[in-house]
Number of protein chains: 2
Amino acid sequence: MSMDKSIGSASVRLSKKMTRIVNLYLRSYHLTTEQWVVLRALHEIDGITQKELSHRTDKDQATLTKILDLVEKRKAVIRVANPADRRSFLIKITEQGRALVEELTPYIEEIFIRMVAGIKPEKLEAYQEVLGLLESNIEQLLEQTDLERRNKSERNI
Amino acid sequence: MSMDKSIGSASVRLSKKMTRIVNLYLRSYHLTTEQWVVLRALHEIDGITQKELSHRTDKDQATLTKILDLVEKRKAVIRVANPADRRSFLIKITEQGRALVEELTPYIEEIFIRMVAGIKPEKLEAYQEVLGLLESNIEQLLEQTDLERRNKSERNI
DNA sequence: TAAATATAGTTAGTATACAAATTATATTTA
DNA sequence: TAAATATAATTTGTATACTAACTATATTTA
């Protein structure tokens with residue numbers, strides 16, 4: 001079997017299913033997986049720029065703007081002018097948002113306990129290790145692709 | 001570290017990056033990863049209903065309709081009336097579509113060879129095994145959630 | 001120091017995933 | 001056998017990911 005299917009499609013399929021199941025469980029809280037990830041990040045480190053938040057959550061600026069609009073609307077976060085840079089905001093989690101994260105954290109961990117049921121800890125560790133290696137390799141490929149694109153641009157001048 | 005982050009977010013992040021890099025490489029072919037998956041499936045087994053195709057590619061009907069619209073537009077597939085059921089089509093890959101898959105198959109495999117560079121085969125096998133176990137566990141959770149939802153519906157009657 | 005260049009966040013557009021609703025058609029029920 | 005129910009594909013709507021363009025602001029360059 002090709003790696004395209006056995007690694008590529010299998011990884012993407014698992015990711016979709018993880019998102020699907022977590023979204024189902026979060027539904028009654030009117031929260032999506034991606035919104036949760038943003039709130040969780042702010043609960044850990046609060047009052048950061050959207051740029052920083054986009055790095056921490058691996059979401060692009062455009063998508064993050066939309067997600068923040070939604071969680072701001074439900075009063076889980078607020079955007080505060082950044083005194084150090086008028087182009088940016090500091091994103092702060094509200095007490096309401098904090099309470100939500102604190103309520104949901106054990107609930108979501110319970111979901112994952114079910115997800116990994118029957119899988120040996122060493123296997124899970126191996127899984128995580130390969131996740132990291134693949135991610136690093138891809139990051140390098142992405143950088144190279146960036147370089148190639150930039151080189152192309154320079155040639156056009 | 002919570003499994004939510006170490007398993008959940010890490011898996012989703014990897015999946016996004018895989019999709020991102022493959023999309024970059026496919027860009028010059030004016031093809032996206034998801035369109036590729038559909039064409040690949042049809043190259044393997046052709047002339048199947050959209051319903052069957054949606055199972056084989058793990059895509060919901062609504063999304064698949066859109067993707068088929070796009071690949072049909074570029075003449076990579078055609079929809080043919082299904083003589084056995086007037087509600088459905090048989091989706092057939094064209095010669096053009098077939099040629100594209102045959103051209104791209106080694107190219108994409110090359111991408112994955114780069115992605116797994118430096119990772120031992122046993123590690124990759126372990127990764128794949130855990131992928132499968134997690135997916136099975138989630139499928140079971142999804143079924144249970146379905147049952148719960150149906151039970152709720154019945155209670156409302 | 002003014003001009004050139006870069007950047008933070010937003011908007012607009014395309015693609016995809018998912019849910020709900022719809023219509024024509026098939027299947028099951030009574 | 002007619003009515004009730006289910007189903008294939010499509011449409012509509014929301015959320016997310018990604019790209020490109022934009023505007024106000026910051027930084028660098030000459």
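Computed from a predicted model, the values in this text were never measured in an experiment. When reading the values below, keep in mind they use all heavy atoms of this one structure, side chains included, and skip hydrogens, waters and symmetry mates.
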Between the protein and nucleotides 22-26 of chain C, which nitrogen or oxygen pairs are less than 3.5 angstrom apart?
{"from": "C:dA26", "atom 1": "OP1", "to": "B:Arg86", "atom 2": "N", "distance (Å)": "3.2"}
{"from": "C:dA26", "atom 1": "O4'", "to": "B:Arg87", "atom 2": "NE", "distance (Å)": "3.4"}

Checklist entry - Counting N and O atoms only, with roles assigned by atom type, does the side chain of A:Thr57 sit under 3.5 Å from a partner on the main chain of A:Val38, one being a donor and the other an acceptor? => result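 No; zero donor-acceptor contacts below 3.5 Å.
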Item to check | Main-chain N/O of A:Ile93 paired to A:Asp46 side chain as donor or acceptor, under 3.5 Å | outcome: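 Such a contact is found between A:Asp46 side chain and A:Ile93 backbone.
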Item to check | Nearest non-hydrogen partners of B:Ile111 and A:Leu141, listed with the distance | outcome: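 Taking B:Ile111 first and A:Leu141 second, the nearest heavy atoms are O-CD1, 4.4 Å.
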For [X] and [N], give me the distance from atom [atom1] to atom [atom2], rounded to whole Å.
X       : N      : atom1 : atom2 : answer
B:Met18 : D:dA17 : CE    : P     : 17 Å
B:Lys51 : C:dT27 : NZ    : C1'   : 13 Å
B:His30 : D:dC18 : NE2   : P     : 20 Å
A:Asn23 : C:dC18 : CG    : C1'   : 9 Å
B:Asp58 : C:dC18 : CG    : C1'   : 12 Å
B:Asp60 : C:dA20 : CG    : P     : 12 Å
B:His55 : D:dA9  : NE2   : P     : 11 Å
A:Ile91 : C:dT10 : CD1   : C1'   : 12 Å

Checklist entry - Which pairs, with at least one residue in residues 132-142 of chain B and sequence neighbours excluded, count as a side-chain hydrogen bond (donor to acceptor under 3.5 Å, both in side chains)? => result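 Found A:Arg13-B:Glu135, A:Lys17-B:Glu135, A:Lys17-B:Glu139.
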Grab the N/O contacts between the protein and nucleotides 2-4 of chain D below 3.5 Å, and write none if there aren't any.
none

Next on the checklist: Would you call the rings of B:Tyr127 and A:Tyr127 parallel, tilted or perpendicular, taking 30° and 60° as the class edges?
Outcome noted: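 Correct class here is parallel.
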Next on the checklist: Please determine whether a side-chain nitrogen of the Lys or Arg among B:Arg20 and A:Asp60 lies less than 4.0 Å from a carboxylate oxygen of the Asp or Glu.
Outcome noted: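 Judged by the 4.0 Å cut-off on N to carboxylate O distance, B:Arg20 and A:Asp60 do not form a salt bridge.
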Item to check | SB check A:Asp69 A:Arg79 (cutoff 4.0 Å) | outcome: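 Between A:Arg79 and A:Asp69 there is a salt bridge, with a charged N closer than 4.0 Å to a carboxylate O.
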Item to check | Angle by which the axis turns from one end of the helix from C:dT1-D:dA30 to C:dA30-D:dT1 to the other, five pairs per end, to 10 degrees | outcome: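 Helix axis angle between the two ends: 20°.
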Item to check | Under 4.0 Å protein heavy-atom contacts per nucleotide of nucleotides 10-16 of chain D, with B for base, S for backbone only and - for none | outcome: BBB--SS
Checklist entry - Going through the distances and angles, do A:Val71 and A:Trp36 end up as a side-chain contact (heavy atoms from CB on, under 4.5 Å)? => result CA-CA 9 Å; A:Val71 291; A:Trp36 159 253; over 6 Å; no
Item to check | Along DNA chain D (nearest heavy atom to each residue), the more 5'-positioned of B:Thr49 and B:Val12 | outcome: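 The residue whose closest nucleotide sits nearer the 5' end is B:Thr49.
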If you count every heavy atom of other residues, nucleotides or ligands that lies below 6.0 Å from [X] atom [atom1], does the total exceed 12?
X        : atom1 : value
A:Glu102 : CD    : yes
B:Glu95  : CD    : no
B:Lys123 : NZ    : no

Next on the checklist: Tell me every residue that passes side chain to side chain donor-acceptor pair (under 3.5 Å) with B:Thr32, counting only those two or more places apart in sequence or in another chain.
Outcome noted: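 For B:Thr32 the side chain to side chain donor-acceptor pair (under 3.5 Å) partners, ignoring immediate neighbours, are B:Gln35.
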Checklist entry - According to a strict under-4.0 Å criterion, is A:Arg20 in side-chain N/O contact with OP1 or OP2 of C:dA17? => result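 No.
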Next on the checklist: Under 4.5 Å between side-chain heavy atoms, counting indirect links through other Ile/Leu/Val/Met/Phe/Trp/Tyr residues: same cluster for A:Ile7 and B:Ile108 or not?
Outcome noted: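 Both belong to a single hydrophobic cluster.
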Next on the checklist: If we check salt bridge (Lys or Arg N to Asp or Glu O under 4.0 Å) with A:Glu34, which of these qualifies: A:Lys59, A:Arg40, A:Lys66?
Outcome noted: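 When salt bridge (Lys or Arg N to Asp or Glu O under 4.0 Å) is applied between A:Glu34 and each of A:Lys59, A:Arg40, A:Lys66, only A:Lys59 qualifies.
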